[in-house]
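Report on the following structure.
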Amino acid sequence: MADLVAARRARLAALRERGVDPFTATRYDVTAHAAELATKYAELPEQGRAESETWSIAGRIMAVRGQGGVIFFDLHDRTGRFQLFVRKNDLSDEAFAVAKELERGDIAGATGFVFRTKAGDLSLYVRSFEVLGKSLQPLPDKWHGLQDVEKRYRRRYVDLIVNPHVRDVMILRSRIVAEMRRFIDARDFFEVETPTLLTIAGGASARPFRTHSNALDIPLNLRIATELNLKRLIVGGMERVYEIGRIFRNEGIDATHNPEFTMLELYAAFWDVEDMMRFNEDLMAHLTRTVHGGETVMHGEDAISFATPFRRIGYLEAFKEFAGLEREQLLDADASLLLLREFGIPDSPTHAHALDKLFERIVEPHLLQPTFVYGYPVVLSPLAKRMKDDPELTQRYELFAGHMELANAFTELNDPDDQRRRFELQIAERAAGDEEIPPPDWDFVTALEYGMPPTAGIGIGVDRLVMMLTDNASVRDVLLFPLQRPLPADAREDDAEDAPPGP
RNA sequence: GCACCGCUAGCUCAAUGGUAGAGCAGUUGACUCUUAAUCAAUUGGUUGAAGGUUCGAGUCCUUCGCGGUGCACCA
């Protein structure tokens, strides 16, 4: 290890002796990228030379193939690979000597013209080049890349350098979020930013991360949802708002849960849940079409079609269809607890909790193709408006695909008295031992007392959506820097500061 | 939190309880159209950590660390 770094430092010294210091370089005038050149010169004939056009390309050297008087380099930039061809006879002795010092991992820029080699490969015939940076660490195997998942997550930069697929996924994620914004902005929504630091973290059910404000000397929580603040903006008359923001939940970490994740929440005054369902369908279809390139998405072994309209099934109807269960068995708290035993599921502290467990066991396994499940019981939906003709259910749906929950939407409850009663019920549930129920946010009830227009809202888990559209089974593979336990040597901040990585 | 699996050279991987190895990378040399370049030579190890069993441990046992998967948890 130390030897490999020492060898690279020796190369650095050799470059400096020749008057080339890789770390003094500042800017490089890039006039072309690898993929552009490949497209532009795709028709260049065998042995062709486009000498009249000069290009400058820059990136990381990922392979060096010395051949005596000529050297081939594989240069990688953000668009892909391009080969550089350096010939001793066409450079000064000094410049060729510098080229010979370049190694895998170094950053370089090269200027020249495009030609086709005898082997038929497009390459840049290098007239001049510049060393733009030096790599002092050895890169992983050029053929196998970096396989060790722990190292991939801890040193994502190395993963990105050697595993092109990782970069592709992250670029696709960026495009998904961009397309999402474009689609929403075209429908006259305001993008807003609400606080992540809150005295009461409400709007969902999850344990929050706790922190402390020195200035105010008060405890604070990181938000677990953006819901309540966004609805305050609806009360305030902003009518259509959304936020794509980071949410923090102090809970378990597994293939589909990271403590911090990204959620889109969007609210539209004067819409109801049916409007939202159509919006949701159109958004999903738009994303699969523009970003994924087709309506059908592979999910492991399964093909999932996002062609609209999606399947719709009632919440109670689903239980009936998949397990023959009746309304009373679910909506009665005691009966639902009996069902848990029947299905061999551990006891639940609350009715709401029991229904979630039953849904997960009985219904979710059937939800491969995109499906709206609508009409959630009011006990599960403290912020949703009741159905007009069935007040035990709410105007709420969740969208599932690939057995994963992708979206949750409802017509928002805007009756302050009903909202107050539901918060009071939650106090009881919290007291009954469900630590994930947040304390009530009474100011939100006050906001509703000022009057909120009828409104529909939706939450979409961006990470899971990206998982779906990139066929990744783990949320860590769609996050650039998934949370990892620090290594023992780095666990104590003081020690970490005492021992910087040596030269 | 529980169970199982994994951790060996910079990377990818081998090694019945019996001398820790290969390929790539690196180093030295050859080579003016290579592309996993080739050819010749060559360096490199606290086998995640600490104990234990044994004549002898990468291998068996215990504890610990980190990761992965499953379960539990997670509207």
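Quick note on labels: first sequence line is chain A, next is B, and so on, each numbered from 1.
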- Is A/Glu424 salt-bridged to A/Arg420, cutoff N-O under 4.0 Å? no
- CZ of A/Arg8 versus P of B/C11: gap in Å, rounded? 13 Å
- Message: Please confirm whether the shortest side-chain N or O distance from A/Lys142 to OP1 or OP2 of B/A36 is below 4.0 Å.
- Response: no
- Task: Using atom OH of A/Tyr157 as one end and atom P of B/C11 as the other, report the distance to the nearest whole Å.
- Result: 12 Å
- Task: Select base, sugar-phosphate, or nothing to describe what A/Tyr153 touches, counting heavy atoms under 4.0 Å on all strands.
- Result: sugar-phosphate
- Heavy-atom check, side chain of A/Ile247 versus side chain of A/Thr262, under 4.5 Å: no
- Which residues, if any, of residues 66-79 of chain A bring a heavy atom under 4.0 Å of RNA chain B? A/Gly66, A/Gln67, A/Gly68, A/Gly69, A/Val70, A/Phe72
- Ring-face cation contact, A/Tyr376 with A/Arg396, 6.0 Å cut, 45° max: yes
- Query: If you write RNA chain B from 5' to 3' in dot-bracket form, with Watson-Crick or G-U pairs under 3.5 Å, [ ] for crossing pairs and | for pairs with another strand, what do you get?
  - Reply: (((((((..((((....[..)))).(((((.......))))).....(((((..]....))))))))))))....
- What is the nucleic acid contact for A/Arg11, judged by heavy atoms within less than 4.0 Å: base, sugar-phosphate only, or nothing? sugar-phosphate
- Message: With a 3.5 Å distance limit and no angle check, can you tell me whether A/Asn229 reaches the backbone of A/Thr226 through a side-chain donor-acceptor pair?
- Response: no
- Note on the structure: From CG of A/Leu4 across to C1' of B/G44 the rounded distance in Å is 8 Å
- Message: Need one value for A/Arg154: base, sugar-phosphate or nothing, where a base atom within 4.0 Å counts as base even if backbone is also close, heavy atoms only.
- Response: sugar-phosphate
- Task: Report which part of the nucleic acid A/Arg87 touches: base, sugar-phosphate, or nothing (heavy-atom distance under 4.0 Å, all strands).
- Result: base
- Donor-acceptor side-chain pairing of A/Glu412 and A/Thr455 below 3.5 angstrom: no
- Query: In whole angstroms, how far is the P atom of B/G67 from the CG atom of A/Asn258?
  - Reply: 13 Å
- Message: In whole Å, measure the gap between the P atoms of B/G58 and B/G23 for me.
- Response: 23 Å
- Task: With side chain to side chain donor-acceptor pair (under 3.5 Å) as the test, would you mind laying out the steps for A/Gln83 and A/Arg65 before giving the verdict?
- Result: CA-CA 11 Å; A/Gln83 181 168 266; A/Arg65 291 178 293 279; 2.8 Å; yes
- Item | Atom of A/Phe96, atom of A/Gly68 and distance for their closest heavy-atom approach | CZ-O, 3.7 Å
- With sequence neighbours left out, what residues match A/Phe372 under ring-ring contact (aromatic ring centres under 6.0 Å, His included)? A/Phe310, A/Tyr397
- Note on the structure: A/Leu487 CG to B/A49 P, in whole Å, measures 14 Å
- Output the single nucleotide from B/U34, B/G67, B/U32 whose closest atom is nearest the side chain of A/Asn89. B/U32
- Query: CD of A/Gln484 versus C1' of B/G65: gap in Å, rounded?
  - Reply: 14 Å
- Item | Within residues 116-124 of chain A: residues closer than 4.0 Å to RNA chain B (heavy atoms) | A/Thr117, A/Lys118, A/Ala119, A/Asp121
- Message: Could you check whether the side chain of A/Asp148 and the base of B/G67 have a donor-acceptor pair of N or O atoms closer than 3.5 Å, going by distance alone?
- Response: no
- Query: Rounded to the Å, how far apart are A/Arg49 CZ and B/C33 P?
  - Reply: 14 Å
- Query: Who are the ring-ring contact (aromatic ring centres under 6.0 Å, His included) partners of A/Phe85, not counting sequence neighbours?
  - Reply: A/Phe72, A/Phe115, A/Tyr125
- Message: Any donor-acceptor pair under 3.5 Å linking the side-chain atoms of A/Gln67 with those of A/Arg87?
- Response: no
- Is a side-chain donor or acceptor of A/Gln147 paired with a backbone partner of A/His144 at a separation under 3.5 angstrom? yes
- Write down the distance between NZ (A/Lys100) and C1' (B/A30), rounded to a whole number of angstrom. 11 Å
- Smallest separation among heavy atoms of A/Tyr374 and A/Met277, with atom names: CB-CE, 4.2 Å
- Are A/Phe400 and A/Phe359 an aromatic pair by the rule of ring centers under 6.0 Å? yes
- Message: For nucleotides 69-75 of chain B, give me one character per nucleotide, 5' to 3': B if any protein heavy atom sits under 4.0 Å from the base, S if the only such contacts are to the sugar-phosphate, - if neither.
- Response: S---BBB
- Should A/Lys151 be listed as having a side-chain N or O under 4.0 Å from OP1 or OP2 of B/G67? no
- Message: Can you tell me which nucleotide in B/U27, B/C66, B/A25 comes closest to the side chain of A/Ala7?
- Response: B/U27
